[in-house]
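The block underneath contains the structure these notes are about, expressed in structure tokens.
Here is how names work: the chains are called A, B, and so on, in the same order as the sequence lines, proteins then strands, and each is numbered from 1.
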2 protein chains.
Amino acid sequence: MNGLRLRSTDMYSFTEENYLKTIYYLAARQEGEVTTNSLAEMTATKAASVSDMLRKLAEKQLIHYRKYQGVRLTEEGERLALKVIRRHRLWEVFLAEKLGFGWDEVHEMAEELEHIRSEELVRKLDAFLGYPQFDPHGDPIPTPAGFMPSVEYSKLSEVPVGTEGRVMGVLEHSPEFLQHLDKTGLNLGCRVRVQEVNNFDKSVVVQINRDKTLFVSNEVARNLLVDSDH
Amino acid sequence: MNGLRLRSTDMYSFTEENYLKTIYYLAARQEGEVTTNSLAEMTATKAASVSDMLRKLAEKQLIHYRKYQGVRLTEEGERLALKVIRRHRLWEVFLAEKLGFGWDEVHEMAEELEHIRSEELVRKLDAFLGYPQFDPHGDPIPTPAGFMPSVEYSKLSEVPVGTEGRVMGVLEHSPEFLQHLDKTGLNLGCRVRVQEVNNFDKSVVVQINRDKTLFVSNEVARNLLVDSDH
DNA sequence: AAAAATTTTTAGACTCGTCTAAATTTTTAT
DNA sequence: ATAAAAATTTAGACGAGTCTAAAAATTTTT
Ligand SMILES: [Mn+2]
Ligand SMILES: [Mn+2]
Ligand SMILES: [Mn+2]
Ligand SMILES: [Mn+2]
């Protein structure tokens, strides 16, 4: 009766699942191997603890690990990471769509729910939600088969003047950022048209939903994804 | 990044929550104090481990504990136990009503979901489910204020011949038992009329939904609750 | 190509929850 | 009222996951 009893193979601890997920995210956002320090920062632990865990994950063949050289997920490791991310994002959809939580509130709860281990539960949840493609932040939901759908959106900060599109996602997920977007009316799916880019601070002026104009700082603009399909 | 980081007061580990819940259940079904051995059996651990944990729970003022004399929940301990039970039963309703799981499948998943700690989540889930009074097994759901609604049903095995009533709950929760009920058609809410009690083996003959008759072993009958309101 | 700075790993220790084996207390049987 | 049996607690150990401090490897600077 500790936190969890790991019965079969293919059962990993919360901690292991969190490391795998974190390695996946870090690998996705830089080239090359994921470093011990970046993992320590991301998981709010110390490098020494990360080293220990990396050794264990390597023993379990979930990562490729050469001492001092950083890590990379094995196929099995990636499969597992995507499973966790799938669960996380499905629960976020549930919390937002069904329970009415704001997109700024769902992440923390999903951090716990993502570790509930029942294949059948995930399948049924997926069906109940109507097989959503994206979570409340616009992030794609990995398929049951363990494939991460690719999306190619552009940062609002990098799109040429005159571009019109929709807000499709965010790169920053902090409640503060999301609440700021709520306050300024930059919701997911809203139509934006870049009217002007200020050269000295890279802030942009956009028109929202063909209605009012809005000044958007570069800080915000570079964390907003818009579809670049025209 | 271990199983869970316990931030504030009023945050307890999965293990602690499980012990409290178990003490509550054991206290409810016998008179007097709950014994170390019964807890060890119920939690599938050893008596030595239980002793350790009881010392810790007593330090945290969650139980009254006199060595060798068994334990009893404090008010705070009971408040917490009821909170866990409330979460468990609400999740069971969700799994059965919304996701379509059978009543024989929901318990195990609820054992994990009951530890998700967010007051707001429980409130919203409760509302989403329409403030259910009972879980899929007919067990009452503790109120948000921490009160366990009392129900007084009778075991089918103890009701006089001629009694007519409805199946309102079960005392045994194993998947095997519940599947057996499914197979024989003894669902929750079905109308039963006791037609005969066989004296030598205490089995009963009941009429279901004013339709077909059914032979029910005493083993089954004493785990079935019927409303005794006439 | 050294030296200095940085990153990573190792060593040793701690908490939580568990275990087995042994000691102690309580209960039951004689 | 003792002795035997059963229940409970203590002692000592272990694995998971974490920490700090120190050692080792790598990278950067000079
Ligand atoms: Mn999230
Ligand atoms: Mn998300
Ligand atoms: Mn249950
Ligand atoms: Mn139940």
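As a whole-Å value, the separation of B:F14 CZ from C:dT18 C1' is 17 Å. With rounding to whole Å, A:N37 atom CG is found 13 Å from D:dT26 atom C1'. Look at OH on A:Y12: it is 18 Å from C1' on D:dG17, rounded to the nearest Å.
For A:P132, the side-chain contact (heavy atoms from CB on, under 4.5 Å) partners two or more places apart in sequence, or in a different chain, are A:L90, A:V93, A:D126, A:L129, A:I141. Partners of A:H173 by ring-ring contact (aromatic ring centres under 6.0 Å, His included), not counting sequence neighbours, listed by chain and number: A:H137. The ring-ring contact (aromatic ring centres under 6.0 Å, His included) test applied to A:H115 returns A:F14, not counting sequence neighbours.
Between B:K46 and C:dT18 there is no side-chain polar atom (N or O) within less than 4.0 angstrom of OP1 or OP2. OP1 and OP2 of C:dG17 both lie 4.0 Å or more from every side-chain N or O belonging to B:T45.
Within a heavy-atom distance below 4.0 Å of DNA chain D, the residues of residues 61-70 of chain B found are B:Y65, B:K67, B:Y68. Using a 4.0 Å cutoff on non-hydrogen atoms, the parts of residues 48-60 of chain A near DNA chain C are A:A48, A:S51, ordered by number.
Below 30°, between 30° and 60°, or above 60°: for A:F128 and B:F94 the angle between ring planes is above 60°, a perpendicular geometry.
In the set D:dG17, C:dT8, C:dT18, C:dT18 carries the atom at the smallest distance from any side-chain atom of B:T15. Of the candidate nucleotides D:dC19, D:dT8, D:dG17, D:dG17 has the atom nearest to the side chain of A:S13.
Remark: DNA chain D forms stems of 3 or more consecutive Watson-Crick or G-U wobble pairs, all pair distances under 3.5 Å, at C:1-30 with D:1-30.
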